[in-house]
Every structure is written in C-alpha cells, then in structure tokens.
2 protein chains.
Amino acid sequence: MKRTAAFLAEKGIRPSYQRLRIYGALAGTKEHPSAETIYRELLPEIPSLSRTTVYSTLALFTRHGLAVQIPIDGEEMRYDADTSEHGHFRCSSCGRVFDFPIAKGSLAPELPAGFKAEIVQLFCVGTCAACAAGEEE
Amino acid sequence: MKRTAAFLAEKGIRPSYQRLRIYGALAGTKEHPSAETIYRELLPEIPSLSRTTVYSTLALFTRHGLAVQIPIDGEEMRYDADTSEHGHFRCSSCGRVFDFPIAKGSLAPELPAGFKAEIVQLFCVGTCAACAAGEEE
DNA sequence: TTCTCTGCAAACGCTTTGCACGGAT
DNA sequence: ATCCGTGCAAAGCGTTTGCAGAGAA
C-alpha cells in the first residue's frame, strides 16, 4: 500500500484511505469493474463506504489519467487501470470484458484534417471462448 | 417513402407509419442521433408520437441489422443506419459524432482462440476541426 | 377475432448533486 | 480557520416495463 500511496501522490492525488483501497480494487483485477462492483467488493471491509465516494474517486482517477472509462455496453461505465493501448472484448453471453492486444499502429486512424484524437478505443462484442464452449454463463 | 416501406418489409419489419418515419430520420442524417433526438425531430409532425415507440423501434432496427448502436459516451445511446465498417469520432467540445473511414482489415483484431466477435467498433474522442479552429460550442 | 403496434404513466438503474459533518492542513 | 474528503439522501436522466386502447390481418 505504501507503493500505491506514493503513486497516487505523484499523480497529484492525496492518498486517502478510500482512494488507496479503490485504486487497489481497480488495479488488482482484470475484470474492468463498474463503480457498483468496486463498491460491493470493498463494502465488507469498509462498511462506511458510500457509492458517492466510489463514483467521485473513479472520476478523479480518470481526470488524472490513472484510469480509463470503457463505455462498452451503454449500461454501466466500466473502468480500467491499464491505460496502455489495447482492445476490449465484451462477451454478450456472460457480460465479462476481456483485454486483447492490438497490432501496433492499427489504432492510428486516418482522421480528417484538423481532427485530433485524445482517446482511441477498439471494442468488440461477441462470444468468449468459455461461453462458445457451451458453458452457459 | 415507398422505397423505405419495401426495404423494411424485406428485412422482416412491418412498415408502419412511425417506423417509416423513424427509419427516415435515422437514415437521413449523419448526426448519429439518440432516441431523444429523433423523438424531438419528429414530434412536430407526429404530435402523438411517444418516446416508447422511438425506443422500441430503434431496438427493433438494431435486432434486425438495420441500425447499429454506438455507446460512445456512456450517456445516451446513439444510433447509426450505416452498418458498414467505419469509425466514430466524438468531439468532446461540441458533442457531435463524426464518421471516419478505416483502413481495410485494421479492424480485424487478433482475438484469443475461441473468441468470436460479432461487432467491432473503433471509437475516438477528441476535438473536431471546427472546435479546434476556435469555434466555441 | 386475434395479434401487433402504439402511447401513456410509472418504475428502474446508473450517476450526479446538495448539503453537512469531520479530519487534515 | 480554512479547505478538502466523505457519506447520506434526494434528485436527475436515459431507458424499460405494465397495461390498455387502436388498428391491421
């Protein structure tokens, strides 16, 4: 946790207990959790935690570049602490979101003149290997 | 409109007046409208129109492959009648969504074995040419 | 008749806002 | 003393659902 505190501090975020735990929950999983998921995960250990804090903290992380928003399903916003270039695959059967690598440069679209992209995201929706193999959810 | 009626019919959708008009509103613009936008556009001419009808009709079009959902901003769902392969760029300043071409094959990501993508979408968020040129709004 | 479509109103789920308390600076 | 972070409750917004009436087949 000491590491995390220093990491948040150097990004300009005061390392409060809640922020440390929320960052830990986000960075420690590949599940691309939503605010609700993180809230429910931490609640048993931090009974006083409120959803408001989770939402505002995730917004703070996003503003400071520690997390990326993944609006892959129009239902709930998901977050990813991995801000490097990669794609996201959502299984329409089980709902899980997976990372997948993308060929370098393939995400450098030829935008019309004058357009400047700050965020580039590649989304896929389909069926994951587990669900395709017949494991219903 | 005759054309549109036949088009909907051959896709297995009964061409009611509302459906024709909603399809027309969607296909006749490059604005990637939301349900609310279409509703407000048609309301003056179809005063009895309800949001419910717009929502259910757009869902119907999506199910039948006449429209694609674009969850580019996690706020409201946008729709596109152009189902061909292209990218979407959202200007974070003015909120408009633009199409842009993508190099053939660049949207064929190397998914892990067993994964099968049905929908592939490339999203960018940034500043459009007009906003970059200083036109606030 | 029977089935589908439409539309109103209410409900729902995710997220944001207003406000007050408490702790840090 | 001031500022910032937290948390509760309520509101907000996009969307879906329940239900009834109108219309097509």
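Quick note on labels: first sequence line is chain A, next is B, and so on, each numbered from 1.
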I want to check one thing: is the phosphate of C/dT15, taken as OP1 and OP2, less than 4.0 Å away from some side-chain N or O of A/Tyr55? yes
d(CZ, B/Arg21; C1', C/dC5) in whole Å: 17 Å
Any chance you could measure B/Asp82, atom CG, to B/Leu66, atom CG, to the nearest 0.5 Å? 12.0 Å
How many angstroms lie between atom NE2 of A/His88 and atom CD1 of A/Ile102, to the nearest 0.5 angstrom? 9.5 Å
Going 5' to 3' along nucleotides 1-9 of chain D, which nucleotides have protein heavy atoms under 4.0 Å from the base (write B), which only from the sugar-phosphate (write S), and which from neither (write -)? ---SSSBBB
B/Glu36 has an atom CD; how far is it from atom P of D/dG12, in whole Å? 16 Å
What I want to check is whether the side chains of B/Tyr17 and B/Arg21 have a donor and an acceptor closer together than 3.5 Å. yes
Without decimals, in angstroms, what is the distance between B/Ile38 CD1 and D/dG14 C1'? 14 Å
For B/Ile72 and D/dG14, what is the distance between atoms CD1 and C1' respectively, to the nearest whole Å? 18 Å
note: A/Glu75, atom CD; D/dT16, atom C1'; distance rounded to Å ~ 11 Å
Between P on D/dT15 and CZ on B/Arg78, what's the gap in Å once rounded to a whole number? 11 Å
Would you kindly give the CG-to-P distance between B/Leu43 and C/dT6, to the nearest whole Å? 15 Å
Rounded to whole angstroms, how far apart are CG on B/Leu58 and P on C/dT6? 12 Å
Could you tell me how the ring of B/His32 sits relative to the ring of B/His86: parallel (under 30°), tilted (30 to 60°) or perpendicular (over 60°)? tilted
Nearest 0.5 Å please: distance from the CG atom of A/Leu122 over to the CD1 atom of A/Ile72. 9.0 Å
Tell me whether the centres of the aromatic rings in B/Phe100 and A/Phe115 are closer together than 6.0 Å. no
